[in-house]
Amino acid sequence: MKWFHEAVGYQIYPKSFSDSNGDGIGDLNGIRQRLEYLHDLGVTLLWLGPIYSSPMDDNGYDVSDFYNIADEYGTLDEFRLLLKEANALGIRIVLDLVLNHTSDEHPWFIESRSNLDNPKRDYYIWAKGKLVDGVEVEPTNWASFFGGSAWQKDDTTGEYYMKIFSNKMPDLNWESQAMRDELYSMVRFWCDQGVSGFRVDAVAHLDRAPLVDSTMDHDGRYKPDWRQFSNRDKVFEYLNELHDVVAPYDVLTVGEVGGGATLEEAIRYVGYDQHRLDMVFTFDHNWKNGAWNSLSEDYQPQLDLPGLKEDFARFQIGLYEKSWHALYWLNHDHPRVMSQYGNVSYHKESGKMLAATLYFMWGTPFIYNGEEIGMTNADFTSLDQFKDVAIQRKIEELEPHYSKERILRHLLVVSRDNSRTPMQWSSQNNGGFTTGTPWIKVNDNHSWLNVEAQLADPDSILQFYKQLFRVRRTVLSTVLYGTFELIDSALFAYRRVGETTLLVLSNFTDQALPYEHAVNIKQVLLQNYPQLVDTKSLVLRAYETLVLEVSND
Ligand code: GLC
Ligand code: CA
């Protein structure tokens, strides 16, 4: 048993959480002011999005100094204070660790790009352009996650550098042992500061295929062939090294594995006998409502509930007793789960139902800031309200083909900014997030959807989250170590069998649905309606959820 098995995690997107000095940007002192709130919620582990020095092209994922705090967020001393105060409340802190790339303003890159034979040249991935019919093109036809090519030409030396994210985020070359050693020293520095671990950003991408064009069948000039730089063998070797670096410290590592990691790959990352990472965030369950079809004229959001259940079951069953796992609905790269799978017309019911469905599975919960009050997608009315660097280029690519209204509708269901609007603390101006002008628009629904209102309402989603984590503790050994079994049903229904037997039933629709099987209830542990209609034949009302202790027959 490791300490993080029992932890309740919470992700903070620093830029949007709490602004203490009125500049419109969240900061470390703002987080410090909210520690009591987090403690009261039951949180024991905080994952902070990147707080290092950065030109903020991608809100801090573009690091220019790994050893310092971004000016807008505070100072190293303020970080130490935050760490100390959090620890005093029993809250550990996990940092985002960006190892795939740096900012183009990082001193390593400035040196690397300056000439062909400086010692830092091979810290990054450089290649000559290719001649096609006498015209120079990028070294490969690979696309970037943020649109356009995965390569950017640099005039100083006339070569291209690889960048699978933004132009200002050149990819590090993990083949360079010297470069890796520098990163490992940095990791030790933060362990020595007393952090409890790392969420390892974009970890699936640390190695790439030989530089050969993708043959993917795809219309665009650049092919979104993510397998060229995802989950490749060498990544696993590098992670064994990283494991050795952190092994002397009692820290947690959780890797973000995009690029469509399979169950087998997940086991390679996190299996107890693999000595790599402690857990992974997989992406399978994030997009089960057809949101990516939202450019088409007849788009209607539609939840694929069987697919969603299958995605969870695959990892709950496939990783069981082989590794540890992370439970989450969304992070700062996804739309709000209330808007994805919940229903604002049943705000309380669906917000609570989503929580109960997820957090009685086994693994370490990671609540995303604002999820605990049921925050929704952004309410932007024009394209210029979006700030995410990842979509600027995509908007340019879409504009010749679609109306502005269509693009807006699309982005309001898929954009990463949906989860990056400021935390809604109160009904005051700007939701109590800042006394200044927020860097991104606050959702107008903060008038009724906010922390203050939910603290005052005993029946709120927020109160339910607190209750849920209290109840979860009373059956913790079953929740953490019991078996998981998906039950055939029109509901999301699963059984956990350990010291006790738990049955979790959730209705993901606005229609009443019967539970199709007989059930012998010992105790209702948690519910989101005042009482059961009938304990013999269970009919779940709109978005109703029940966590039951049942007899095992
Ligand atoms: C990860 C982060 C995302 C960021 C990207 C590049 O996917 O979660 O926000 O843009 O890596 O660092
Ligand atoms: Ca601030």
Side-chain angles (χ1 to χ4, degrees), residues 11-34 47-52 54-64 66 69-75 78 82 94-104 106 144-147 150 162-172 198-206 226 229-230 254-261 280-283 286 326 328 330-335 366 368 387-394 415-420 422-423 430 432-440:
Q11 180 193 352
I12 287 182
Y13 197 63
K15 201 169 177 180
S16 302
F17 190 64
S18 182
D19 174 22
S20 70
N21 63 353
D23 66 355
I25 299 173
D27 46 56
L28 297 184
N29 284 334
I31 298 172
R32 219 150 53 76
Q33 291 165 359
R34 307 295 180 176
W47 153 25
L48 303 183
I51 53 172
Y52 316 100
S54 164
M56 297 283 165
D57 187 49
D58 189 19
N59 296 341
Y61 283 98
D62 48 320
V63 178
S64 56
F66 289 109
I69 304 294
D71 292 337
E72 32 297 66
Y73 292 160
T75 63
E78 285 165 353
L82 170 64
V94 161
L95 294 183
D96 222 303
L97 186 64
V98 191
L99 302 178
N100 178 70
H101 45 265
T102 67
S103 164
D104 64 343
H106 193 287
S144 141
F145 287 119
F146 290 0
M162 188 179 275
K163 47 97 199 171
I164 61 175
F165 295 100
S166 89
N167 288 352
K168 283 183 66 61
M169 298 155 83
D171 287 2
L172 287 164
F198 304 96
R199 175 267 189 184
V200 194
D201 183 64
V203 74
H205 310 307
L206 304 181
W226 312 135
F229 38 82
S230 301
V254 44
E256 182 211 20
V257 293
V280 281
F281 288 117
T282 50
F283 289 9
N286 301 123
Y328 79 112
L330 79 152
N331 62 34
H332 61 289
D333 296 331
H334 305 119
F366 285 87
Y368 180 68
K387 305 291 177 208
D388 182 3
V389 59
I391 61 170
Q392 302 306 338
R393 191 183 294 264
K394 291 197 176 158
S415 163
R416 308 195 299 179
D417 282 338
N418 285 310
S419 57
R420 298 176 180 186
M423 183 74 183
N430 292 320
F433 162 70
T434 179
T435 54
T437 307
W439 71 276
I440 190 169

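Counting starts at 1 for both ligands and their atoms, in listed order. As a basis for the values below, the full set of heavy atoms in this structure was taken, side chains included, without hydrogen atoms, waters or symmetry mates.
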J.: Any donor-acceptor pair under 3.5 Å linking the side chain of D62 with the backbone of D57?
T.: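 Yes: the side chain of D62 pairs with the backbone of D57.
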J.: Answer yes or no for R420: is there a heavy-atom contact with ligand 1 below 4.0 Å?
T.: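 Judged by the 4.0 Å heavy-atom criterion, R420 does count as contacting ligand 1.
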J.: Does F146 have a non-hydrogen atom less than 4.0 Å from ligand 1?
T.: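 It does, in that a heavy atom of F146 comes within the 4.0 Å cut-off of ligand 1.
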J.: Tell me if the CG atom of D71 is crowded by more than 12 foreign heavy atoms within 6.0 Å.
T.: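 For D71, atom CG is not crowded (no more than 12 foreign heavy atoms under 6.0 Å).
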J.: Donor-acceptor pair, D27 side chain versus G74 backbone, under 3.5 Å?
T.: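 Not confirmed, D27 side chain does not pair with G74 backbone.
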J.: Among all the protein's non-hydrogen atoms, which is closest to atom 8 (O) of ligand 1, and how far away is it?
T.: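 I find the closest protein heavy atom is D333 OD2, 2.5 Å.
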J.: Return the residue, atom name and 0.1 Å-rounded distance of the protein heavy atom closest to atom 7 (O) of ligand 1.
T.: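 For this ligand atom, the closest protein heavy atom is E256 OE2, 2.8 Å.
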J.: Against heavy atoms of M169, which atoms of ligand 1 measure under 4.0 Å?
T.: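 With M169 as reference, the close atoms of ligand 1 come out as 6 (C), 12 (O).
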J.: For atom 11 (O) of ligand 1, grab the closest protein heavy atom and report residue, atom and distance to one decimal in Å.
T.: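 Of every protein heavy atom, D201 OD1, 2.8 Å lies nearest to atom 11 (O) of ligand 1.
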J.: What is the distance from atom CG of D171 to atom CD1 of I164, rounded to the nearest 0.5 Å?
T.: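 That separation rounds to 4.5 Å.
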J.: Using a 4.0 Å cutoff against the non-hydrogen atoms of H101, which atoms of ligand 1 qualify?
T.: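 Atoms satisfying the 4.0 Å criterion: 6 (C), 12 (O).
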J.: Should the ring pair F366 and F281 be called parallel, tilted or perpendicular, given that the plane angle runs from 0 to 90° and is split at 30 and 60?
T.: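 Rings of F366 and F281: perpendicular, as their planes differ by over 60°.
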J.: Tell me the protein heavy atom at minimum distance from atom 5 (C) of ligand 1, and give that distance in Å.
T.: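 Minimum-distance protein heavy atom for atom 5 (C) of ligand 1 reads F165 CE2, 3.6 Å.
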J.: I'd like to know if the side chain of E256 reaches the main chain of D201, judged simply by a donor and an acceptor atom lying under 3.5 Å from each other, with no hydrogens or angles considered.
T.: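 Side chain of E256 to backbone of D201, a donor-acceptor pair under 3.5 Å: no, none is there.
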J.: Only counting residues at least two apart or in another chain, list the ones meeting side chain to side chain contact (heavy atoms under 4.5 Å, CB included) with V63.
T.: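 For V63, the residues satisfying side chain to side chain contact (heavy atoms under 4.5 Å, CB included) (neighbours in sequence not counted) are Y52, F66, V98.
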J.: Cation-pi check for W439 against K15: NZ or CZ below 6.0 Å from the six-membered ring centre and within 45 degrees of the axis, yes or no?
T.: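 Flagged: K15 positioned over aromatic ring of W439.
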J.: Could you find the nearest protein heavy atom to atom 10 (O) of ligand 1 and give me its residue, atom name and distance?
T.: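 So the nearest neighbour among protein heavy atoms is D58 OD2, 2.5 Å.
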J.: Are R199 and ligand 1 in contact, using a heavy-atom cut-off of under 4.0 Å?
T.: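 Judged by the 4.0 Å heavy-atom criterion, R199 does count as contacting ligand 1.
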J.: Can you check side-chain contact (heavy atoms from CB on, under 4.5 Å) on D333 and N286, steps first, answer last?
T.: CA-CA 10 Å; D333 296 331; N286 301 123; over 6 Å; no
J.: Counting from 1, what ligand 1 atoms have a heavy atom of R416 closer than 4.0 Å?
T.: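 So the answer, numbered in order with elements, is 3 (C), 4 (C), 9 (O), 10 (O).
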J.: Identify, with sequence neighbours excluded, every residue that meets side chain to side chain donor-acceptor pair (under 3.5 Å) alongside R34.
T.: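 So R34 forms a side chain to side chain donor-acceptor pair (under 3.5 Å) with S18.
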J.: Just the protein N/O/S atoms under 3.0 Å from the Ca ion (ligand 2), please, no waters.
T.: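 Those protein N, O or S atoms (cut-off: under 3.0 Å from the Ca ion (ligand 2)) are D19 OD1, N21 OD1, D23 OD1, I25 O, D27 OD2.
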J.: Output all residues satisfying salt bridge (Lys or Arg N to Asp or Glu O under 4.0 Å) with K168, sequence neighbours left out; order by chain, then residue number.
T.: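 Only D104, E105 meet the salt bridge (Lys or Arg N to Asp or Glu O under 4.0 Å) criterion with K168.
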